[in-house]
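Remarks on the structure that follows.
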Amino acid sequence: MNLILGLETSCDETAAAVVRGGVECLGQRVASQVDLHARFGGVIPEIASRSHLEALFPAIEETLGEAGVTLAQLDGLAVTVTPGLVGCLLVGLSTAKGLAISTGLPLVPVNHVHGHIYGALMPWMAERRARGEPETPPWPLASLVVSGGHTSLFESRSPTEHRRIARTIDDAAGEAYDKVAALMGLGYPGGPAIDRLARDGDPRAYDFPRSRPGGLDFSFSGLKTAVLHAVRGPNAPRGAPLLPTVHKADVAASFQAAVVDILVERLMAAAERIGAGGLVVSGGVAANSALRARAAAEAGRRGLPLFLPTHALATDNAVMIAGLGHWLLAEGRTAGLELDVLARAD
Ligand code: KG4
Ligand code: ZN
């Protein structure tokens, strides 16, 4: 069975993984740069690419060591080439090219967002394979990818075929989490902090807007502005302190309720539109407890299976990249050394 080394450097996580047969992780590393970027309240591209450069080789060596395999035993090199920060993607791609030249292994370009979708399927597929049961999900799937950089819906027809049917017209959901957390002084990344705080708050304390742009698209900038006005007052100057009456847990819970409402409603509408046999929720925000619970409840009501990644597979990692690389390699979707990165993908 195919042994793939996956590399992921599209944003602020330096990751490597060895995956066998598309589902079985033999070893992996994720070196997070969160601490480096926290004091800026967001990812600084130049710092991120320099940090990838330092962290990637040690991550590869440790991953191979944990997996107990040498480069010579691998069947392919899967690397994220789109979408992401160009300088960051280039570190992963250049490293993969160097390894491809020195080993003769095929180079498999991977779309990071498709990787997130595949990451949601991996736990289920691994379980089925272990039991010797068929591991084909009920295609087509309606797939929601929600992270710091993306909020999109896809019609997924196989591990490698995903057609985008909606996207955000402004902020990504994770970005909205990070910005709302920043304006309440909760630190970076904001998603986990708001998720925790929301448990002690009343989701009905504030009636935040649920924007519904055309089609199945998303919009979060109006919600973010509404939260800003609620916590600092409507005409407060930049950097004004929080209003004394603000109860942060209530703001967090009400904001989260609005985000989850929008995401789940549109996912269900997408499922209906494409006649989906199942649902996927993936990306960093798929680690959110309220989103997981609501998606599971709505999926259950409709009798649709819901594919969710483990927490480790929800946020950026290379296991999903190596896993998807297996299927791409099987389809012969390899690339030559002219391969380049692309900041935005369709
Ligand atoms: O997928 P990811 O690791 O990186 C990107 O591709 O963007 O997603 C990171 C995003 C951040 O915005 C972070 O705040 C959000 O995922 N996030 C969460 C939670 N854990 C991470 N958002 C809400 N609730 C969480 N528990
Ligand atoms: Zn991601």
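Note that these values count all heavy atoms, side chains included, but never hydrogens, waters or copies made by symmetry. When a ligand or atom number is given, it counts from 1 through the structure's own listing order. These numbers come from a predicted model, not from an experiment.
Within the listing of ligand 1, atoms 5 (C), 7 (O), 8 (O), 9 (C), 10 (C), 12 (O) sit less than 4.0 angstrom from a heavy atom of Gly148. The atoms of ligand 1 that sit less than 4.0 Å from any heavy atom of Gly149 are 7 (O). Every atom of ligand 1 is numbered from 1 in the order shown, and the set under 4.0 Å from a heavy atom of His112 is 6 (O). Taking every heavy atom of Gly174 and a limit of under 4.0 angstrom, the matching atoms of ligand 1 come to 12 (O). Interface atoms of ligand 1 facing Pro192, defined by a heavy-atom separation under 4.0 Å, are 19 (C), 20 (N), 21 (C), 25 (C), 26 (N). Counting the atoms of ligand 1 from 1 in the order shown, those under 4.0 Å from a heavy atom of Thr315 are 3 (O).
Val18 and Thr63 get closest at one heavy-atom pair: N-CG2, 3.6 Å. The two atoms that bring Ala166 and Asp217 nearest to each other are CA-OD1, 3.3 Å, heavy atoms only. Scanning all heavy atoms of the two residues, the minimum distance from Leu291 to Val146 falls at CD2-CG2, 4.0 Å. Taking every heavy atom of both residues into account, Leu328 and Pro109 meet most closely at CD1-O, 3.6 Å.
Residue pairs meeting the ring-ring contact (aromatic ring centres under 6.0 Å, His included) criterion with at least one member in residues 45-77, sequence neighbours excluded, do not occur. Note on residues 200-230: pairs passing ring-ring contact (aromatic ring centres under 6.0 Å, His included), not counting sequence neighbours, are Tyr206-Phe208.
If you look at the Zn ion (ligand 2), the protein N, O or S atoms less than 2.8 Å from it are His112 NE2, His116 NE2, Asp316 OD1.
The single protein non-hydrogen atom nearest to atom 22 (N) of ligand 1 is Gly191 CA, 3.3 Å, given as residue, atom name and distance. Nearest non-hydrogen protein atom to atom 24 (N) of ligand 1 is Asn288 ND2, 2.9 Å. In terms of protein heavy-atom proximity, atom 11 (C) of ligand 1 is nearest to Asp178 OD2, 3.6 Å.
Side chain to side chain, Thr9 and Thr14 fail the donor-acceptor criterion of an N or O pair below 3.5 Å. Donor-acceptor pairing under 3.5 Å is lacking for the side chains of Ser254 and Gln256. A side-chain N or O of Ser32 and one of Glu13 form a donor-acceptor pair less than 3.5 Å apart. In summary, the side chains of His116 and Asp316 do present a donor paired with an acceptor at a separation below 3.5 Å, with no hydrogens or angles considered.
Under a 4.0 Å heavy-atom criterion, His116 is in contact with ligand 1. Every heavy atom of Cys11 sits 4.0 Å or more from the atoms of ligand 1.
With Val30, Asp316, Leu291, Ile194 as candidates, the residue nearest to atom 2 (P) of ligand 1 on a non-hydrogen basis is Asp316. Across the listed options Ala290, Gly284, Gly190, Ala287, Gly284 owns the non-hydrogen atom lying nearest to atom 17 (N) of ligand 1.
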Begin from the C-alpha positions of Leu279 and Leu141 and carry the test side chain to side chain contact (heavy atoms under 4.5 Å, CB included) through to its verdict. CA-CA 5 Å; Leu279 306 165; Leu141 304 178; over 6 Å; no
Under the side chain to side chain contact (heavy atoms under 4.5 Å, CB included) rule, what do Glu24 and Val19 come out as? Steps first, then yes or no, please. CA-CA 5 Å; Glu24 193 190 343; Val19 170; 5.5 Å; no
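Residue Asp195 touches ligand 1 through its side chain alone, judged by heavy-atom distances below 4.0 Å.
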Contacts under 3.5 angstrom, residues 193-203 side chains, donor-acceptor by atom type, not counting sequence neighbours:
unit_1 : atom_1 : unit_2 : atom_2 : d
Asp195 : OD1    : Ser289 : OG     : 2.6
Asp195 : OD2    : Ser289 : N      : 3.0
Asp202 : OD1    : Arg204 : N      : 2.8

